[in-house]
Amino acid sequence: MKKVLLTLACASCVMSLSAQRASDSAMSANDIKDYNRIGISYNNTHYGFNDAYDNDSNFGLNGVGIDYIHGFSVSENLPLYIETGLNFDFNFSTKNWDKDYDSDSDWIQYKEKFNNINMQVPVNVAWKFAVSDDFSIAPYLGLNFKVHFVWKQKMQVDASYDPEGVKEWNDEQDWISVFDDSEDAMGDKDATWNRFQMGWHVGVGFQYKPIYLGVQYGTDFIPAYSHKYTYDGESETAKINTGNLKVTLGYVF
């Protein structure tokens, strides 16, 4: 993810230089106006466990998003915009743990499956540089407000045998919501995750005529999960932090 941030920073520097050299192609007052954008995005969310957990527990979700953005022009003379809208993301993943061997041939393997649906409301500040009449570049910085509708997981166990000696044994559990504190689910309110998250992001968009390609990366201020506990007389906070990568292909009108 550090490489992503470095790439975005370099892209911003290149954009600034390009804008200075393209002063003859600067946006006219007629070009500075509100706009709408719809798009489809590829999303990757990384869930990172802090030192209170085993780092091997880290995992990522891949998915697709349906995005709508409206850009409000805030100046008649400057290409400065406030963007906001709605994003709906559908994410999923399967994590395969390494096989544990009981002997040279007998093994057991655990798999975790994840499913997530969320809605996001971004609020961005964007500056649009006109490179030519048909091509523009817009870096932006913003906040993101996220509400999870569905966040569930289940465990699957595969083995070369079971206690009765049946070969290729498989046991798949039911889906469990990370927001459910019932005994059949997480079993404890302290184990439930946060439905709401807020974070920040930085990105850049490239627009050729009405076609838009954007990339952004950010992290969440509010972790996906946080719980403070005491162990051996010392207070610790277990957290699951999230980082978000989004690549969007859109249409501007």
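By the rule that hydrophobic residues join a cluster once side-chain heavy atoms approach within less than 4.5 Å of another member, L86 and F149 end up as members of one cluster. Residues I211 and V215 do not share a hydrophobic cluster, clusters being chains of Ile/Leu/Val/Met/Phe/Trp/Tyr side chains in contact below 4.5 Å. One hydrophobic cluster, built from ILVMFWY side chains closer than 4.5 Å, cannot hold both I69 and Y208; they sit in different ones. F90 and W175 are members of different hydrophobic clusters when ILVMFWY side chains are connected at heavy-atom separations under 4.5 Å. Hydrophobic clustering places L141 together with L143 (ILVMFWY residues linked when any side-chain heavy atoms are closer than 4.5 Å, directly or through intermediates).
Using a distance-only test at 3.5 Å, with no hydrogens or angles considered, a donor-acceptor pair links the side chain of N50 to the main chain of T237. Side-chain atoms of E83 do not come within 3.5 Å of backbone N or O of G71 as any donor-acceptor pair. A donor-acceptor pair under 3.5 Å is absent between the side-chain atoms of N118 and the main chain of F88, judged by distance alone.
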Show me the donor-acceptor pairs within less than 3.5 Å that the side chains of residues 245-253 make with the rest of the protein, sequence neighbours left out.
from: K246; atom 1: NZ; to: S41; atom 2: OG; distance (Å): 3.3
from: K246; atom 1: NZ; to: N43; atom 2: OD1; distance (Å): 3.0

Y225 vs F49, test: side chain to side chain contact (heavy atoms under 4.5 Å, CB included). Steps then yes/no. CA-CA 9 Å; Y225 170 82; F49 292 63; over 6 Å; no
Decide side chain to side chain contact (heavy atoms under 4.5 Å, CB included) for T84 and V123; before the verdict, give the C-alpha distance in whole Å, the side-chain angles of both, and the deciding distance to 0.1 Å. CA-CA 5 Å; T84 189; V123 180; 4.0 Å; yes
So N87 and D89, side-chain hydrogen bond (donor to acceptor under 3.5 Å, both in side chains) or not? Walk me through it. CA-CA 6 Å; N87 304 333; D89 292 345; 5.9 Å; no
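Atoms NZ and CG, on K95 and N58 in that order, are 6.5 Å from each other to the nearest 0.5 Å. Between F206 atom CZ and S136 atom OG the span is 10.5 Å, to the nearest 0.5 Å. For the atom pair NZ (K154) and NZ (K111), the distance works out to 11.5 Å, reported to the nearest 0.5 Å. Between the CD1 atom of I40 and the CD1 atom of I66 there is a distance of 7.0 Å, given to the nearest 0.5 Å. Note: K239 NZ to I222 CD1 = 11.0 Å, rounded to the nearest 0.5 Å. If you take CD on Q153 and CG on N116, they are separated by 11.0 Å, rounding to the nearest 0.5 Å.
Contact of the K128 side chain with the Q207 side chain is registered, since non-hydrogen atoms from C-beta on lie closer than 4.5 Å. Taking the side chain as every heavy atom from C-beta outward, S73 and K33 never approach each other to under 4.5 Å. A heavy-atom distance below 4.5 Å is found between the side chains of I137 and V204. Side-chain atoms of N77 and I32, non-hydrogen and from C-beta on, never get closer than 4.5 Å to each other. You'll find the side chain of I240 reaches within 4.5 Å of the side chain of W193, heavy atoms only. Within the 4.5 Å cutoff, no side-chain heavy atoms of Q197 are placed close to those of N144.
Listed by first then second residue, pairs satisfying salt bridge (Lys or Arg N to Asp or Glu O under 4.0 Å) with a partner in residues 205-216 number zero, not counting sequence neighbours.
Ring-plane geometry between F59 and Y47 is classed as parallel, the angle between the planes falling under 30 degrees on a 0 to 90 degree scale with a further cut at 60. Relative orientation of the F179 and H148 rings is tilted, given thresholds of 30° and 60° on the angle between their planes. Using cut-offs of 30° and 60° on the angle between ring planes, the pair W151 and F114 is perpendicular.
Of the listed residues (N244, N124, T219), just one forms a side chain to side chain donor-acceptor pair (under 3.5 Å) with H201, and that residue is N124.
For Y35 and Y81, the ring centers sit closer than 6.0 Å to each other. Aromatic ring centres of F72 and H70 lie closer together than 6.0 Å.
Atom CZ of F221 has more than 12 heavy atoms from other residues, nucleotides or ligands within 6.0 Å.
The two residues Y212 and G205 make their nearest non-hydrogen contact at OH-CA, 3.4 Å. Contact detail for P122 and G85: the closest heavy-atom pair is CD-O, 3.6 Å.
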